[in-house]
Asks: 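Sending over a structure as structure tokens; questions will come in a sec.
Ligands are counted one by one from 1 in listed order, and the atoms in each one are counted from 1 as well.
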Amino acid sequence: MTTPPIDRIRNFSIVAHIDHGKSTLSDRLIQATGGLSQREMSEQVLDNMEIEQERGITIKAQTVRLNYTARDGLDYVLNLMDTPGHVDFAYEVSRSLAACEGSILVVDASQGVEAQTLANVYQAIDNNHEIVPVLNKIDLPAAEPDRVKAQIEDVIGIDASDAVLASAKSGLGIEDVLEAVVARLPAPKGDANAPLKAMLVDAWYDPYLGVVVLVRVFDGVLKTGMRVKMMRNGSTHLIDRVGVFLPKNTPVDQLGPGEVGFITAQIKEVAHAAVGDTITDEKKPTAEPLKGFKEVQSVVFCGLFPVDAADFEDLRAAIGKLRLNDASFTYEMESSAALGFGFRCGFLGLLHLEIIQERLSREFNLDLIATAPSVVYKIKQRDGTEIDLHNPADLPDVMQIESIAEPWIKATILTPDEYLGGVIKLCQDRRGIQSELSYVGSRAMVVYELPLNEVVFDFYDRLKSISKGYASFDYELTDYREGDLVKMSILVNAEPVDALSMLVHRARAETRGRGMVEKMKELIPPHLFQIPIQAAIGGKIIARETVRALRKDVTSKCYGGDATRKKKLLEKQKAGKKRMRQFGKVEIPQEAFIAALKMDED
Ligand SMILES: Nc1nc2c(ncn2[C@@H]2O[C@H](COP(=O)(O)OP(=O)(O)OP(=O)(O)O)[C@@H](O)[C@H]2O)c(=O)[nH]1
């Protein structure tokens, strides 16, 4: 395969809200350009991780090279860069966008513009992208292309008069999309004779190829046998393979300016290939790296402990494996008085946390207890030092603390008008400060400043239930603000359960404390003695419930002497016990840890 002339290359990504049809459209584009047979089409190609398919969301950016003969009779190479749709992976989105010259904006013609559409399309505009709006799902009776066109112009401020009408499902308008990419998106620019300058767009571990690095070449040429240097960490590597995805990986001789493809270079760990880094020729390096490299930082932390302490080594191995393929996930060992040995893990956001947790239990068969998710607090101490606190259990003595600051976000929520009241109440309850309220057709758009701490627990679930699933939500971190934050402990039978301690705002402590002890009361089974459950700030009890004493004997239900039935019940009880945790004299079921953190606030 030879290098295409640069003016016949188009690099583009697709930005869309979840469910508006990005994956279906991508598959159609691949099919229409001959990359896939009908049979291969039956499985969506770009979303290839099991959880991605189940949840229908895209996590890792992938890319495909499409060979397209346009209506002008010329052959083009179109590189479609897939981007993750969720805010947790915003940095990966921004790198993918920086590797392209244009975007297709997919909007569901029956739904219209959503919060994530806005966030993603503004990012594309910031990257100077030319944007082709595509109204998808026009096969639906509820499709209103004219209204949605007007909405795109109103809200986003881009010309939508020549938006492409398409149905990724029926295949309608797919060729128009390809023609629009060729005609309306600019070709890349670059100098083949300049020193190599390529962007590391993504990296992942492949069981056959090892660490695979997705690159976009800006200047110069990448070839097998070259020694390259990662400009940021200074490491050098011998390139042993250069290729493109068609979508199957296919070797090529070289990648020139404007091209997108992959390399392998016997890199040991994905963590050694930092997204956003500049790759150059070791012998003839470029003078300046590409700008905008950013270290990805964990935003949400939580502890993960095996339910059965004997599984600790398995957990260590599983976490190590996941980390091989996900450099944005961090961990270190942690020990808890209540839960024994486990790991303190850092995530990009809540969805990322849930995905990792789910993979650990599903792919590695581990029963885990997750502690309350926590954000990173900045603590100023009286002696003038500052610390970043990842774990509420490590909070220094109050006497040493000068102030505590917490991260705040700017949240954009779009909701049908009838749920606006509920949405506003939720934001107010979570210490939100309203900064904008406007209408986009019949939908309201509210922008709130919110403490991230109030969002990490169950904000998203609450928002979905208040709006019957119709509200959409997006956020970005803005700043750190000092707050009146206190550490709340939960005591079960007078013993603090460290895994449940958390920092809360003083004004919210009582509500949250009461919610937690009520939930715990429902979930802790009666024992032979009564069990007080308390929430406390320092020595002060702010909420209390009691689990009444009861003799628990499951076999009392079977009168008569059926010995096998009795034995079965006892076995069941034993299996149930394995999912319990012993705290002093009290056993707490695993679900209680998660449920205690979810609040009903109606
Ligand atoms: N009626 C109709 N349904 C469509 C069309 N395109 C996609 N869908 C359906 O809409 C749903 C979402 O489509 P996806 O392609 O998975 O959406 P997505 O935007 O990739 O979602 P993420 O991967 O989460 O970003 C699926 O059930 C599709 O079958 C279309 O043109 N018409």
Side-chain angles (χ1 to χ4, degrees), residues 12-32 35-36 38 40-64 80-90 92-94 96-97 103-121 123-124 131-145 148-149 152 163-178 180 202 247 348-352 354-355 358 414 460 464 469-474:
F12 69 104
S13 59
I14 303 184
V15 296
H17 183 71
I18 287 174
D19 270 354
H20 282 197
K22 186 172 80 176
S23 310
T24 316
L25 180 65
S26 307
D27 291 352
R28 279 289 178 189
L29 297 178
I30 296 167
Q31 187 196 26
L36 282 180
Q38 191 68 37
E40 290 167 316
M41 271 296 290
S42 63
E43 290 166 46
Q44 286 199 338
V45 183
L46 289 181
D47 289 355
N48 55 11
M49 213 153 69
E50 188 190 345
I51 296 175
E52 288 192 19
Q53 284 200 349
E54 239 167 70
R55 295 179 166 232
I57 48 163
T58 314
I59 299 162
K60 271 276 164 198
Q62 299 283 341
T63 187
V64 190
L80 161 57
M81 322 264 311
D82 197 15
T83 54
H86 194 277
V87 48
D88 281 6
F89 305 96
E92 289 180 14
V93 177
S94 82
S96 302
L97 293 179
S103 288
I104 293 181
L105 164 66
V106 176
V107 181
D108 182 330
S110 68
Q111 300 279 323
V113 174
E114 299 279 354
Q116 273 162 351
T117 321
L118 289 180
N120 290 339
V121 80
Q123 258 195 327
I131 293 168
V132 174
V134 172
L135 304 186
N136 189 32
K137 307 199 188 181
I138 54 154
D139 57 297
L140 291 177
E144 294 180 89
V148 174
K149 271 188 199 173
I152 291 174
V164 181
L165 303 187
S167 165
K169 196 167 174 185
S170 73
L172 201 89
I174 300 305
E175 217 185 288
D176 297 337
V177 174
L178 291 164
D202 196 5
L348 297 174
L350 280 182
L351 177 77
H352 190 209
E354 265 181 55
I355 289 167
E358 223 170 291
L414 273 144
Y460 195 57
K464 284 283 164 194
Y470 286 112
S472 57
F473 165 71
D474 197 49

Asks: Quick one: does ligand 1 sit under 4.0 Å from the side chain of D139, the backbone, both or neither, non-hydrogen atoms only?
Replies: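 The answer is the side chain.
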
Asks: Run the numbers for me: atoms of ligand 1, each under 4.0 Å from some heavy atom of S167, listed by number.
Replies: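 Counting atoms of ligand 1 from 1, those under 4.0 Å from S167 are 30 (C), 31 (O), 32 (N).
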
Asks: Number the atoms of ligand 1 from 1 as they appear, then name those within less than 4.0 Å of a heavy atom of L140, with their elements.
Replies: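 Ligand 1 atoms under the 4.0 Å threshold to L140: 1 (N).
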
Asks: Does a side-chain heavy-atom distance below 4.5 Å link V64 with S26?
Replies: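 SC-SC contact between V64 and S26 ruled out.
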
Asks: Kindly confirm or rule out an N or O of A16 lying under 3.5 angstrom from an N or O of ligand 1.
Replies: no

Asks: I need the atoms of ligand 1 closer than 4.0 Å to a non-hydrogen atom of H17, numbered in the order shown.
Replies: 19 (O)

Asks: If you count the atoms of ligand 1 from 1 in the order shown, which ones are under 4.0 Å from a heavy atom of T24?
Replies: 7 (C), 13 (O), 14 (P), 15 (O), 28 (C)

Asks: Taking H20 for its side chain and A16 for its backbone only, find out whether a donor-acceptor pair lies under 3.5 Å.
Replies: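 Checked: no pair found.
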
Asks: Has the side chain of N136 got a donor or acceptor atom that lies under 3.5 Å from a matching backbone atom of A168?
Replies: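 It does hold such a pair.
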
Asks: Within ligand 1, which atoms have a heavy atom of G21 less than 4.0 Å away?
Replies: 7 (C), 13 (O), 14 (P), 15 (O), 17 (O), 18 (P), 19 (O)

Asks: Please tell me if the side chains of L135 and K149 come closer than 4.5 Å, counting only heavy atoms from C-beta onward.
Replies: yes

Asks: Counting only N and O atoms by type, is there a donor-acceptor contact under 3.5 Å from the side chain of T63 to the main-chain atoms of L80?
Replies: yes

Asks: Going by heavy atoms in the side chains, are V164 and V132 under 4.5 Å from each other?
Replies: yes

Asks: Using a 4.0 Å heavy-atom threshold (strictly under), name the region of H20 that reaches ligand 1: side chain, backbone, both or neither.
Replies: backbone

Asks: Could you tell me, atom by atom, which parts of ligand 1 come under 4.0 Å of a heavy atom of S23?
Replies: 15 (O), 18 (P), 20 (O), 23 (O)

Asks: Are the side chains of L97 and V15 in contact, using a 4.5 Å heavy-atom criterion?
Replies: yes

